Structure formats: structure tokens, C-alpha cells
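What follows is a set of notes on a single structure, which appears directly below.
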2 protein chains.
Amino acid sequence: MYAMTNSASTAMRAPMAMRLQTAPAAPANVDPLDRLGAAAKFEKNRTIYFEGDEAEHCYRVKSGTVRLCKVTEDGRRQIAAFLTEGDLFGWTDHGFYGFSAEAVTDVTLEKFSRARVEEAAKASPALGRRVLTLLSTQLASAHDHLLLLGRMTAAERIASFLLDLVRRQHKGGSVALAMCRKDVADYLGLTVETVSRTMSALKRKGIISFAEPENVQLKQSGALERLAMAA
Amino acid sequence: MYAMTNSASTAMRAPMAMRLQTAPAAPANVDPLDRLGAAAKFEKNRTIYFEGDEAEHCYRVKSGTVRLCKVTEDGRRQIAAFLTEGDLFGWTDHGFYGFSAEAVTDVTLEKFSRARVEEAAKASPALGRRVLTLLSTQLASAHDHLLLLGRMTAAERIASFLLDLVRRQHKGGSVALAMCRKDVADYLGLTVETVSRTMSALKRKGIISFAEPENVQLKQSGALERLAMAA
DNA sequence: CGCCAGATTGATACACATCAATTCTCGTGG
DNA sequence: CCACGAGAATTGATGTGTATCAATCTGGCG
């Protein structure tokens, strides 16, 4: 779960709570989903499933990054989420996927049959609970993303995005962008040019720095946080 | 569930499914949530809970309309969803609400203690399943909403919004707007002025008509659907 | 009647999109 | 090893959709 939340808000909401990685009352430390999955691999830019496909399976990311996206007839694209390790996707209660899922990088996944998960959930409340947690976190992320798309300026969007990334890959002030500029643009509701210009501007101001486009250093996260603003 | 999906896509995904108001396979026709709730009422514009409040309860709408929203320091507001009969809200897996909930109209709600629902879900998989369905539908709606905010023009947003409303209140080509223009604007990521202008333009073209602002007739839903486009 | 909040309409400004070159990176083949 | 080409990123010049600022209009209510 997670799906790239923006603004400090999400982090704020879950100060020490953190995930409940283990089942509420599980004897061992086993995630209730672990036994049900089958391994699957996709290489960079492969489609995992298409919007409109019948939704027989859902997946969990083991490594790599996945994007959920939709393209309009005339080619406009929106990315709803970038998913990374631990995130569940493809769970829908209608018969069909609403968004396509594509591999941003080479990815390894666990693939679950919806029917089998449903079945197993009847016996194990912990399993249902687990899926519920994953979904509710994604919903919170989506809501934060709505604020970003509906009400934030380009600079604020970029700042929120970068801060989200550092939080998820807690490696100090350094961020590895798994996705290209176009992906970032389509996630943030901007154009590539605006993303590029805005990042260059932040660089000129000394707030961030980067030699290659895919590896960014946050020089003044304070300034970024001020931009991201949150609520 | 639902939360005002935009574009025809959601309706397409759930053509006749509609809500599942009653429990999936319950012996009687009892929703597993029904026994757990306590009645609650809020009048128009009252706050049900604030963003940041500890999330002890969740709610289901019995009648009226609720908005989920967040306001930035400098007063920009985004509405994440309008919720109506049957919709669940306030379920979060972090300790705190991420968005405020407010009554758009006078509303009657069922109020549930999170702790008690959790408890009951351990015994009844059907209950967990029920909540899961409600959340997953909301997540799908939120994703559609992201496409709307990230990539659609003002006219497309309005068209999608109106079509969503008719679908939910299936009363032919007539739509009752429970919310004021500002609410519509904050849901669609626009300003009141743009909403007003865009609706006037649609009216001039004979696509919609309205005498009072809160009661709209769809004269040519075909034209609206062409605008809404979907994927 | 007169007030006030909400809605509409008008004039102007601006943030971001669009169109158009470069520049950079890297894989490929001569 | 270097020339070449292609896709991605950056930078520049210009356009435009929507925001902003500013009246005016409308309907409900004290």
C-alpha cells in the first residue's frame, strides 16, 4: 500500500502506528497473504493487465515499481499511483479493472486468484483484515493525491512528490526516480516541460540538486516542506 | 460507496450491479453492518469530524449528502467525495482522519465504533467482506476522480459530474444538486466563476437547462457523454 | 422593504500548455 | 574508438484556459 501519498499529512496521520505488518493475532510472524501467492515477473514497460480486462487476479509488489494508469481516446494519460514493495493492486469489486497496470521497472510480483483469496478470507478474518488495511491506506493516498491535482501549483506538486519519495525509500536526502519525466508529469497532472522547468528552478535555488535526471538530492528539505505545505 | 465517480467508466464497470444494498449471500436480506450502528443526525453544514481527529468511529449515510474535504492553510479547499445513501466513510487504518467530514444537507447517519466493527468482523467474514466492497468501490471512484482533476477541461469536468449525478439519482434527465456552486467547484478543482460560466455555456448550447441553480435538466445527454469522453 | 449570501457575468492577468529547438545519454554498428 | 541515430531531458518563445478581480443580479428572510 501507499501509492505515493503527497503532503506531510499522511505521514502525520500515522506517527507510530505503522502498517500492522503482522496479522493481528497470528502465532508466527506470517502475513496471511503469503501462502496464497504465485510468483510473476514483468519486464520494464510491459503491461500487467489492461483497463477493462476481467479482474480475475490481484497482485502484490515484491520488487520494482508499477504504475496504474488510464489513457483517454485523444492520448491524455493519468497515472493514479506508483506502487512499490508491499502494495496490493488489482483488487476490485466490479468484474473489471478500472485502470491498466504497467511495469515501470522490471518487477517481481505475487499473483493471487481473487476467487481463492475470497475463499480463504471466509476462514481467516485476519486475511480479510489484511486486505482491508492495504486498501484503506491506498484510499487515503488517493485522497491526498486529489488535493494535489485539484489545488496545488506545479512547484507544490513537485515538492510533495519528492518528499513522498524520500519518505518511502528512507535513505536520507537522496531520491532515486524509478520513472521517467513523462511518468512524473502524468502522475502530477502536468506536462514533461513543466516538470523539467520546475525541477530546474528548484535546482537553481539550491533546494535540490541532480547530475542525472533520475537521482535527486534534497538539499533543503525544509524549503520543500514549506512548498508542499500540507494542511 | 461510490463517492461521485466521474466519466462513464465506473458506470460501465458496474452496469447493473448497483450498490449491493443488501448483503451478498445473507440468509435473510440483512446487511451485516445493520446490527452494529447507532443513529446520528447532523444539520446542514455541521462538521461530523475534523481532519486530524482520532478516528474512533466510522459512519454510513442513511439520507442526505456528506462531503469529505481538506482545506490548506491559505484557504484552498478540495472535496474528495460527496457521499450519499449507503456510502461508508471515516474508515481509516491510521489512527486519525485524513479528511474532514461535513454535512452538505441535513443528514442522518449510522455511527459505528471502529473497535466494535473490528471485533464483530473477527466472527463474521461477511462483515469484513462488506466493508471491503464499500472501500474498493470508493477507491475506484477516487481513481476516476484523479483522471478528472489531472487531465480534463472545465467543460469535461462539469459534464462528467452531471452524468455521475443522474446515474446515482436515477430520475430520468433531471438532476438535483444538493450542494452549492462552491462545493461543486471544490470537488472539480475549479473556481465558482468557471463552474458558473461553463454551466451557462452548456445552457446556451441547449445541452442542459435550469431555472434555479440547484435543479438541472439534461436536454442532450448524448452531447454531455461526448464531452465526458471517459476512456 | 432592505439586506445578504449565492450565482452570474464581465475585464484582465497569469500559470501552465503548446510548439519548437537544442542538448544529453546511451546503445549500435562501422 | 568514434560516428551515428533515437529517445529522453532541457530550454526557449508564444498561446490559451482558467483564475482573479470586480460588478451586477437574484431570491430568501428578518
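In what follows, chains carry the letters A, B, and so on, assigned in the order in which the sequence lines appear, proteins first and then strands, with residues in each chain numbered from 1. Here the structure is a predicted model, which means the values were calculated and not measured.
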For A:A211 and for A:L190, locate the closest nucleotide of DNA chain C by heavy-atom distance; then report the residue assigned to the nucleotide nearer the 5' terminus. A:L190
Within the distance-only criterion (no hydrogens, no angle test), does the side chain of B:T47 pair as donor or acceptor with the backbone N or O of B:F50 below 3.5 angstrom? no
Going by atom type alone, with no hydrogens or angles, which donor-acceptor pairs under 3.5 Å involve a side-chain atom of residues 203-219 of chain A and a protein atom two or more places apart or on another chain?
from, atom 1, to, atom 2, distance (Å)
A:K203, NZ, A:F210, O, 3.2
A:Q217, OE1, A:S174, OG, 3.3

Nearest-Å distance for atom pair CZ/C1', residues B:R151 and C:dT18: 13 Å
Nearest-Å distance for atom pair CE/C1', residues A:M152 and D:dA19: 17 Å
Please determine, by modelled atom types, if A:S136 and B:D93 share a side-chain donor-acceptor pair under 3.5 angstrom. yes
Note: contacts of residues 199-207 of chain A with DNA chain D (heavy atom, under 4.0 Å) are A:S200
Hey, is the main chain of A:L190 close enough, under 3.5 Å, to the side chain of A:T194 for a donor-acceptor pair? no
A:K44 NZ - D:dA8 C1' separation (whole Å): 11 Å
Do B:F82 and B:Y187 make the cut of ring centroids closer than 6.0 angstrom? yes
Look at the rings of B:Y59 and B:F89 and say which category their plane angle falls in: under 30° parallel, 30 to 60° tilted, over 60° perpendicular. parallel
For atom NZ of B:K41, decide whether the heavy atoms of other residues, nucleotides or ligands shown that lie under 6.0 angstrom number more than 12. no
Atom-to-atom span, CG of B:L149 to C1' of D:dG17 - whole angstrom: 16 Å
Note: A:E156-B:R76 ion pair, threshold 4.0 Å (strictly below): yes
Take nucleotides 20-30 of chain D nucleotide by nucleotide from the 5' end and write B, S or -, depending on whether a protein heavy atom sits under 4.0 Å from the base, only from the sugar-phosphate, or from neither. BB---------
Dump the pairs, protein N or O against N or O of nucleotides 5-7 of chain C, anything under 3.5 Å, distances to one decimal.
from, atom 1, to, atom 2, distance (Å)
C:dA7, OP1, B:R181, N, 3.3
C:dA7, OP2, B:R181, N, 3.1

Salt bridge (charged side-chain N to carboxylate O under 4.0 Å, His left out) partners of B:R151, counting only residues at least two apart: A:D186
Run the side-chain donor-acceptor check on residues 99-114 of chain A: report pairs under 3.5 Å with partners two or more places apart or on a different chain.
from, atom 1, to, atom 2, distance (Å)
A:S100, OG, A:E51, N, 2.9
A:E102, OE1, A:R67, NE, 2.6
A:E102, OE1, A:R67, NH2, 2.9
A:T105, OG1, A:T65, N, 3.0
A:D106, OD1, A:K44, N, 2.7
A:T108, OG1, A:S63, N, 3.3
A:T108, OG1, A:S63, OG, 2.7
A:E110, OE1, A:R60, NE, 3.1
A:E110, OE1, A:R60, NH2, 3.2
A:E110, OE2, A:R60, NH2, 3.4
A:S113, OG, A:A115, N, 3.3
A:S113, OG, A:R116, N, 3.2
A:R114, NH1, A:T92, O, 2.4
A:R114, NH2, A:E118, OE2, 2.5

Does A:H143 use its side chain to pair, donor to acceptor, with the backbone of B:G98 at less than 3.5 Å? no
